[in-house]
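Structure record follows, encoded as structure tokens.
We count residues from 1, following the sequence as given. Everything numeric here is computed off the predicted structure, so don't read it as measured data.
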Amino acid sequence: MKERITFFCTLLLVNSSFAMAPNIVIIVTDDQGWGDVGYHTAAGQVPIQTPNMDGFLAKGIRLEKFYATPVCSITRSCLLTGRNTIRTATGNNRGLDLSEHIMPQTFKAAGYQTYMCGKWHLGGWANNTNTTTLNGTTFAVKQEGDAYLPHNRGWDIHYGQYGGAINYFTHRTSDPGLNNAVDWWLNGATQNETTDLQGNGGHSTDLLADKAVSLIQNRDPSKPILLYLAFNAVHAGVSAPTAYITKYQNLGVTNLARRTLSAAVDCMDVAMGRVLAALDTAGIANNTVVFFMSDNGGNEPTGSINDPLRGTKNQDSYDGGNIHTLAAIRWPGVLATNVISNQYVWVGDIFPTLCAATAVTALGTKPFDGLNLWPALLSINSGNPNGPQRPSTLVTSVTKPAALNTFTDPVLGGSKMFKLIRTKGTPASNELFNMTDDPYETMDLAANAVYATIITTLTTPITSITPENYPPNFGEAPKTQSVQQGGSITLYAPFTSYGKIPSVQWRKNTTPINGATSYYQIANAGVNVNGVFMATLTLNNLNSTNTANYTVIASSANGSTTSTAGTLTIIKPFSTQNDGLPDSWKIANGIDPSISSAINGPLGDIDKDGRNNLLEYAFNTNPQLHEKDPVRGASVTKAGDGLKYFEISYPRRIGAIDLMDTVEMSNDITTWPSPGVTSETVSIVANPDGITETVTVRVLPTLASNARMFVRVRVTSQ
């Protein structure tokens with residue numbers, strides 16, 4: 001197979017007149033049903049006006065036997081990995097494991113600019129919906145960290161949502177557990193886009209198209225692009241601008257849900273047209289392969305129509321609502337046009353097929369489940385609309401896997417496409433349909449013994465797909481903080497361990513802590529959350545020896561993972577910071593008494609005199625009680641002139657050596673005399689900590705040893 005792929009890729013590039021590798025645009029709609037497009041208008045329905053979706057046929061191939069999966073996240077996982085989610089177990093509440101290689105990583109390595117606009121739904125922020133309680137405080141569990149987010153997984157730019165469902169105007173999530181938060185992002189930064197007169201955000205369909213057009217217009221023209229445009233329309237919560245809704249009311253759509261959905265599809269078609277027009281305007285349409293598909297079938301309660309196919313969204317693995325979806329592909333001048341094809345294509349075929357089409361080598365080390373169908377697509381034409389027979393069984397879905405392949409019908413004869421739907425269990429149950437003669441799945445043949453061999457043959461490729469064994473994953477580093485000496489703290493770190501019982505081991509500065517193996521399974525409303533755990537470590541009677549970096553190792557039969565480190569700092573009580581400044585004065589002036597000014601200065605404009613100083617330090621020459629004086633002072637006689645001076649030494653940050661120090665004195669921390677105290681520098685010596693240096697100066701006048709005075713060191717630019 002690899003030799004065939006190389007042959008076709010080489011042939012294509014040799015015969016191509018393009019100087020640059022072809023661009024790729026993948027457009028995915030959300031929950032768009034079989035009848036939610038103009039060219040599939042069901043009997044008795046008002047057609048939805050979709051000239052751009054319909055127009056794929058004039059410029060390419062309409063794929064009438066395209067299969068996705070029943071669930072948004074699962075289809076997206078298959079699309080971007082080329083691998084079956086029976087392996088990866090990705091789902092609406094579990095992100096795509098970080099060890100899985102995805103499409104933008106391959107194309108970015110090949111020199112492509114990688115852009116994504118729209119719905120991610122493969123993990124990260126949107127899956128952190130669980131909560132737990134520690135020490136009486138309830139907080140969110142971060143089970144999947146930022147590494148799961150699209151801009152950290154190969155996309156140069158991601159703009160859009162992370163989760164499964166949002167309000168089209170406000171962009172607030174309707175996913176449970178996320179408290180109606182804004183789910184609209186640009187490379188990890190929340191976007192609050194309010195563009196209409198009601199204060200709502202811009203309609204998501206329009207905004208996604210705006211961004212896609214902008215990326216095309218502002219791309220580096222010397223490099224090809226991979227653009228993934230994943231609309232959230234027409235997922236539940238369907239809405240559309242008023243003008244579109246009014247249009248379908250005037251066209252006679254009486255059912256309110258159908259009217260709104262028709263309007264949303266029309267709006268999306270217009271948006272899609274703007275993106276396709278941007279390719280024309282940029283002069284790259286003829287060097288761009290464009291793929292269009294829906295992620296699964298339509299949700300009929302929200303207005304979709306899947307007729308005449310059987311089923312609605314979330315209803316097993318029948319064709320209508322789940323896995324048989326709209327799709328088309330175009331590449332003007334390379335692929336055939338005006339062809340309606342019954343070539344069987346699975347969503348997982350797209351990645352390997354696009355690699356072959358563009359002569360890009362896939363970099364993932366795990367094997368594709370999808371096939372390279374580029375040779376088959378190249379062979380399609382008006383005289384051969386279906387191309388060659390798919391060389392192996394098409395397997396899709398997860399909860400109830402479906403497998404399709406061609407067999408000779410033992411009853412009716414002839415070569416027919418059969419579909420097996422396998423329900424997991426002990427024993428498993430099967431449904432079998434002859435999709436050639438019964439495309440609407442009205443007659444289950446599984447009970448007929450003459451079809452037993454076909455059932456067995458279709459079962460094997462399902463059961464032979466082996467789930468991956470992923471090691472545990474930490475959503476974040478152990479949560480730590482600065483704690484007062486003598487206090488207590490519970491460190492915690494959330495992690496996932498799917499399918500295998502975990503164990504944990506805490507470490508302090510890489511050394512295992514004896515007996516520190518505590519963890520528990522997260523539970524919401526008393527129900528354990530699948531695969532999500534919390535490792536905990538409680539430390540009591542804290543002292544300076546507890547200051548350290550803490551990590552935790554989570555292990556299971558699938559392997560071990562070490563968290564990144566969390567740093568715990570133990571601070572002394574307020575009265576022993578030993579920086580020469582009274583705690584009462586610090587508190588009165590808004591300074592945290594637990595901060596040691598002797599090391600951590602500057603204190604800012606401590607005397608509130610408004611002078612433009614870079615740094616200010618103040619130290620007590622006669623410390624009281626627990627105040628340790630960082631200013632060392634003594635009366636000295638200067639040999640040269642016989643005058644008595646007060647010689648002081650004070651710490652400052654290394655790097656201030658190019659600045660000028662002015663030394664002043666006061667018997668009140670808030671009232672300072674005018675500048676001009678005579679002083680001269682004796683020495684500047686770097687301290688062993690590598691952070692501070694000690695400056696020694698002589699100052700007039702001499703002070704009595706019991707005088708309570710403050711020395712202010714003002715560091716100003718020269």
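In plain terms, the two heavy atoms of A263 and I245 that are nearest each other are CB-N, 3.6 Å. When every heavy atom of D444 is checked against every heavy atom of E431, the shortest pair comes out as OD1-CA, 3.4 Å.
Residues passing the ring-ring contact (aromatic ring centres under 6.0 Å, His included) test with H151: none are found, sequence neighbours excluded. Every side-chain contact (heavy atoms from CB on, under 4.5 Å) that D438 has, sequence neighbours left out, goes to F433, T442, M443. Applying the ring-ring contact (aromatic ring centres under 6.0 Å, His included) test to Y159 and every residue at least two apart in sequence or in another chain returns W184. Residues meeting the salt bridge (charged side-chain N to carboxylate O under 4.0 Å, His left out) test with R62, sequence neighbours left out: none. Considering only residues two or more places apart in sequence or on other chains, N167 meets the side chain to side chain donor-acceptor pair (under 3.5 Å) condition with T170. By the side-chain contact (heavy atoms from CB on, under 4.5 Å) test, Q389 pairs with N405, T406, sequence neighbours left out. Applying the ring-ring contact (aromatic ring centres under 6.0 Å, His included) rule to Y162 yields the partners H158, W185; only residues at least two apart in sequence or on another chain are considered. Among residues two or more places apart in sequence or in another chain, the salt bridge (charged side-chain N to carboxylate O under 4.0 Å, His left out) test is passed with R219 by none. Shown here are the ring-ring contact (aromatic ring centres under 6.0 Å, His included) partners of Y115, two or more places apart in sequence or in another chain: there are none. Remark: S304 engages D36, L261 in a side-chain contact (heavy atoms from CB on, under 4.5 Å) (not counting sequence neighbours).
Proximity of a side-chain donor or acceptor of T312 to a complementary backbone N or O of G298 within less than 3.5 Å is detected. A side-chain donor-acceptor contact under 3.5 Å links K424 to the backbone of V398. At distances below 3.5 Å, at least one donor-acceptor pair connects side-chain atoms of R258 with backbone N or O atoms of G303. Formation of a donor-acceptor pair under 3.5 Å by the S294 side chain with backbone atoms of Q32 is found in this model. Using a distance-only test at 3.5 Å, with no hydrogens or angles considered, no donor-acceptor pair links the side chain of N299 to the main chain of G33. Here the side chain of T106 pairs no donor or acceptor atom with the backbone of M103 at under 3.5 angstrom. For the pair T90 (side chain) and I74 (backbone), a donor-acceptor distance under 3.5 Å is absent. Proximity of a side-chain donor or acceptor of Q143 to a complementary backbone N or O of N130 within less than 3.5 Å is not detected.
Sequence neighbours left out, the pairs with a member in residues 259-282 that pass side chain to side chain donor-acceptor pair (under 3.5 Å) are N52-D269, D210-R274, K247-D266, Y248-D266. Among residue pairs with one or both ends in residues 278-308, those qualifying as ring pair (Phe, Tyr, Trp, His ring centres under 6.0 Å) are F56-F292, F66-F291; sequence neighbours excluded.
For the pair R310 and Y318, the distance from NZ or CZ to the six-membered ring centre is under 6.0 Å and the angle to the ring normal is within 45 degrees.
Electrostatic pairing of K419 and E441 counts as a salt bridge here, judged by a charged N lying under 4.0 Å from a carboxylate O.
Summarising the geometry, atom CG belonging to D97 is positioned 9.0 Å from atom CD belonging to E144; distances are rounded to the nearest 0.5 Å. Distance CG/L98 to OH/Y148: 4.0 Å, rounded to 0.5 Å. Summarising the geometry, atom CG belonging to N296 is positioned 5.0 Å from atom SG belonging to C72; distances are rounded to the nearest 0.5 Å. The CZ atom of R94 sits 10.5 Å away from atom CG of N127, with the distance rounded to the nearest 0.5 Å. Once rounded to the nearest 0.5 Å, the distance linking OG1 of T29 with CG of D295 reads 6.5 Å.
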*Please lay out, stage by stage, how N92 and H121 fare under the test side-chain contact (heavy atoms from CB on, under 4.5 Å).*
CA-CA 7 Å; N92 284 356; H121 211 198; 3.1 Å; yes
*Begin from the C-alpha positions of V265 and V37 and carry the test side-chain contact (heavy atoms from CB on, under 4.5 Å) through to its verdict.*
CA-CA 8 Å; V265 171; V37 65; 5.8 Å; no
*Could you give me the CA-CA distance, side-chain angles and deciding distance for W120 and L80, then say whether side-chain contact (heavy atoms from CB on, under 4.5 Å) is met?*
CA-CA 11 Å; W120 173 239; L80 295 183; 3.9 Å; yes
_M53/I27 under side-chain contact (heavy atoms from CB on, under 4.5 Å): CA gap, chis, key distance, verdict_ = CA-CA 11 Å; M53 298 178 192; I27 301 174; over 6 Å; no
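Counting heavy atoms of neighbouring residues, nucleotides and ligands inside a 6.0 Å radius, atom NZ of K59 does not exceed 12 of them.
Each of K65, R83, R390 was scored for a salt bridge (Lys or Arg N to Asp or Glu O under 4.0 Å) with D349, with one residue passing: R390. Screening W346, Y440, W34 against H324 for a ring pair (Phe, Tyr, Trp, His ring centres under 6.0 Å) leaves a single residue, W34.
Checking T85 against S77 by side-chain atom types alone, no donor-acceptor pair falls below 3.5 Å. S317 and N322 form no side-chain donor-acceptor contact under 3.5 Å, judged by distance and modelled atom types alone. For the residue pair Y67 / D319, a side-chain donor-acceptor distance below 3.5 Å is found, with atom types taken as modelled.
The aromatic rings of F368 and F351 sit perpendicular to each other, their planes meeting at more than 60°, with 30° as the lower class boundary.
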